[in-house]
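Please read the structure below before turning to the comments.
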Amino acid sequence: MFEGLFRGSLGLRPYGVSFHVGSQSSDPCAWANALKCLSHQIAQLQIHEIKVEVINLGGGFPCAYANSERVISIEEIANATLSEYRRLPYQPKILLEPGRAIVGGAAILVSTVIARVNRGGSNWLFLDAGVYNALFEALAIQGSTRYQVISAKQGAWSRPEIYSLAGPTGDSADIVARDVILPHDIGTGDRLIFYNVGAYSVAVTSRFNGFPKPNVLFTTDEFGDKIIGGSRR
């Protein structure tokens, strides 16, 4: 009856269900729990001759950031999810959206220090890359993602010091990170390397206050070492 209504007067074809457990999930059972919630609805639709052909499990698959307590593995997620999937009244096709888990670790950002300031007893490094033109997810309203960051200086590690890192725009929200431990002798012109910046970075950059987006270079590990070492920006 219901399927006839969809196909007939409305011209619609019942096809599937999708959900999203939340970005950067830390619970390996999150997807399984969502499937468990869907089981009753799928059974009710089947009574009305509507068969779900596809279930889209969405995204939420995590990437390793500096503020990640523990990054759950795809294997953990799969084991829990498949167990619940097999309990469904029947098994629709499965779609996944594992964007961050795939591309997060595929890129690094090399940023240059454009100023060093001591403000209120705290050391601030201002960079040519901030939350608007490079690292949007570091913005507080996005969850304050903490990227692993190191100095590109060659040689032995010097005395450590605590810094706050800010972007170039002058906007009060353009703060990339606080309480970052880096060498004490970092100054203007030195480079910092941010890891795991492949997700939600270039795709959501802007030229706010006139500052350019970062150049994107596709490189091998060997060429990447040369870039970081200072032969190219």
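Atom set for the values below is all heavy atoms of this structure, side chains included, hydrogens, waters and symmetry mates excluded.
- The ring-ring contact (aromatic ring centres under 6.0 Å, His included) test applied to Tyr147 returns Tyr65, not counting sequence neighbours.
- For Thr81, the side-chain hydrogen bond (donor to acceptor under 3.5 Å, both in side chains) test picks out no residue, with sequence neighbours left out.
- For the atom pair Ser151 OG and Ile193 CD1, the distance stands at 7.5 Å (nearest 0.5 Å).
- Listed by chain and number, the residues in a salt bridge (charged side-chain N to carboxylate O under 4.0 Å, His left out) with Asp27 amount to none (sequence neighbours excluded).
- In this structure, the side chains of Leu45 and Val52 come closer than 4.5 Å at one or more pairs of heavy atoms.
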Side-chain atoms of residues 129-137: list all donor-acceptor pairs with protein atoms under 3.5 Å, sequence neighbours left out, distances to 0.1 Å.
| from | atom 1 | to | atom 2 | distance (Å) |
| --- | --- | --- | --- | --- |
| Tyr132 | OH | Asp171 | OD2 | 2.8 |
| Asn133 | OD1 | Gly130 | N | 2.7 |
| Asn133 | ND2 | Asp128 | O | 3.1 |
| Asn133 | ND2 | Pro212 | O | 2.9 |
| Glu137 | OE1 | Arg100 | NH1 | 2.6 |
| Glu137 | OE2 | Arg100 | NH2 | 3.2 |

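- The side-chain heavy atoms of Ile162 and Val180, taken from C-beta on, include no pair separated by under 4.5 Å.
- For the side-chain hydrogen bond (donor to acceptor under 3.5 Å, both in side chains) test, residues two or more places apart in sequence or in another chain that qualify with Arg70 are Glu76.
- Distance alone, capped at 3.5 Å, is enough to place a donor-acceptor pair between the Lys153 side chain and the Asp185 backbone.
- Within the 4.5 Å cutoff, side-chain heavy atoms of Asp174 are placed close to those of Pro168.
- Cluster partners of Tyr15 are Val54, Leu95, counting Ile, Leu, Val, Met, Phe, Trp and Tyr whose side-chain heavy atoms approach within less than 4.5 Å, directly or via other members.
- In this structure, His48 contributes its side chain and Ile50 its backbone to no donor-acceptor pair below 3.5 Å.
- When the shell of 6.0 Å around NZ of Lys36 is examined, it contains 12 or fewer heavy atoms from other residues, nucleotides or ligands.
- A search for ring-ring contact (aromatic ring centres under 6.0 Å, His included) contacts involving Phe61 returns Trp31, not counting sequence neighbours.
- Between the OG atom of Ser18 and the CG atom of Asn56 there is a distance of 5.5 Å, given to the nearest 0.5 Å.
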Run the salt bridge (charged side-chain N to carboxylate O under 4.0 Å, His left out) test on Arg159 and Glu161 for me, step by step, so that the C-alpha distance in whole Å, both residues' side-chain angles and the decisive distance to 0.1 Å come before the verdict. CA-CA 7 Å; Arg159 176 168 56 84; Glu161 199 152 331; 3.7 Å; yes
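- Side chains of Ser39 and Pro89 form a contact here, defined as non-hydrogen atoms less than 4.5 Å apart.
- Every residue was checked against the side-chain hydrogen bond (donor to acceptor under 3.5 Å, both in side chains) condition with Ser122, not counting sequence neighbours, and none meets it.
- With sequence neighbours left out, Asn33 forms a side-chain hydrogen bond (donor to acceptor under 3.5 Å, both in side chains) with no residue at all.
- There is no side-chain donor-acceptor pair under 3.5 Å between Asn196 and Gln148.
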Evaluate the criterion side chain to side chain contact (heavy atoms under 4.5 Å, CB included) for residue pair Val149 and Leu165; output intermediate values, then yes/no. CA-CA 10 Å; Val149 55; Leu165 309 180; 4.3 Å; yes
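- Atom CD of Gln41 sits about 13.5 Å away from atom CD of Gln46, to the nearest 0.5 Å.
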Applying side chain to side chain contact (heavy atoms under 4.5 Å, CB included) to Leu125 and Leu192, what does each step give before you reach the verdict? CA-CA 10 Å; Leu125 298 178; Leu192 301 182; 4.3 Å; yes
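- A distance of 9.5 Å separates CD1 in Ile77 from CG in Leu96, rounded to the nearest 0.5 Å.
- In the hydrophobic clustering of this structure, Val202 does not group with Ile102; members are Ile, Leu, Val, Met, Phe, Trp, Tyr whose side-chain heavy atoms approach within less than 4.5 Å, directly or through other members.
- Within the structure, the side chain to side chain donor-acceptor pair (under 3.5 Å) test picks out no pair touching residues 201-211 (sequence neighbours left out).
- Here the straight-line distance linking atom OH of Tyr85 with atom CD1 of Ile55 works out to 7.0 Å at 0.5 Å rounding.
- Proximity of Arg178 to Arg146: side-chain heavy atoms (C-beta onward) are nowhere separated by under 4.5 Å.
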Residues 113-121 side chain polar contacts: donor-acceptor under 3.5 Å, at least two apart:
| from | atom 1 | to | atom 2 | distance (Å) |
| --- | --- | --- | --- | --- |
| Arg116 | NH1 | Tyr163 | OH | 3.1 |
| Arg116 | NH1 | His184 | O | 2.8 |
| Arg116 | NH1 | Ile186 | O | 2.7 |
| Arg116 | NH2 | His184 | O | 3.4 |
| Asn118 | ND2 | Asn123 | OD1 | 3.3 |

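- Residues Ser164 and Asp179 form no side-chain contact, since every pair of their non-hydrogen atoms from C-beta on lies 4.5 Å or further apart.
- Counting heavy atoms of neighbouring residues, nucleotides and ligands inside a 6.0 Å radius, atom OH of Tyr200 does not exceed 12 of them.
- Put simply, the side chain of Gln24 gets close to the backbone of Cys63: a donor and an acceptor are under 3.5 Å apart.
- Atoms CG and CG, on Leu182 and Asp190 in that order, are 10.5 Å from each other to the nearest 0.5 Å.
- Proximity of Ile42 to Tyr90: side-chain heavy atoms (C-beta onward) are separated by under 4.5 Å at one or more points.
- Of the possible donor and acceptor atoms, one in the side chain of Gln91 sits under 3.5 Å from a partner among the backbone N and O of Leu88.
- Considering only residues two or more places apart in sequence or on other chains, Val103 meets the side-chain contact (heavy atoms from CB on, under 4.5 Å) condition with Ala199.
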Phe194 and Ile150: side chain to side chain contact (heavy atoms under 4.5 Å, CB included), yes or no, with the steps? CA-CA 7 Å; Phe194 293 83; Ile150 65 171; over 6 Å; no
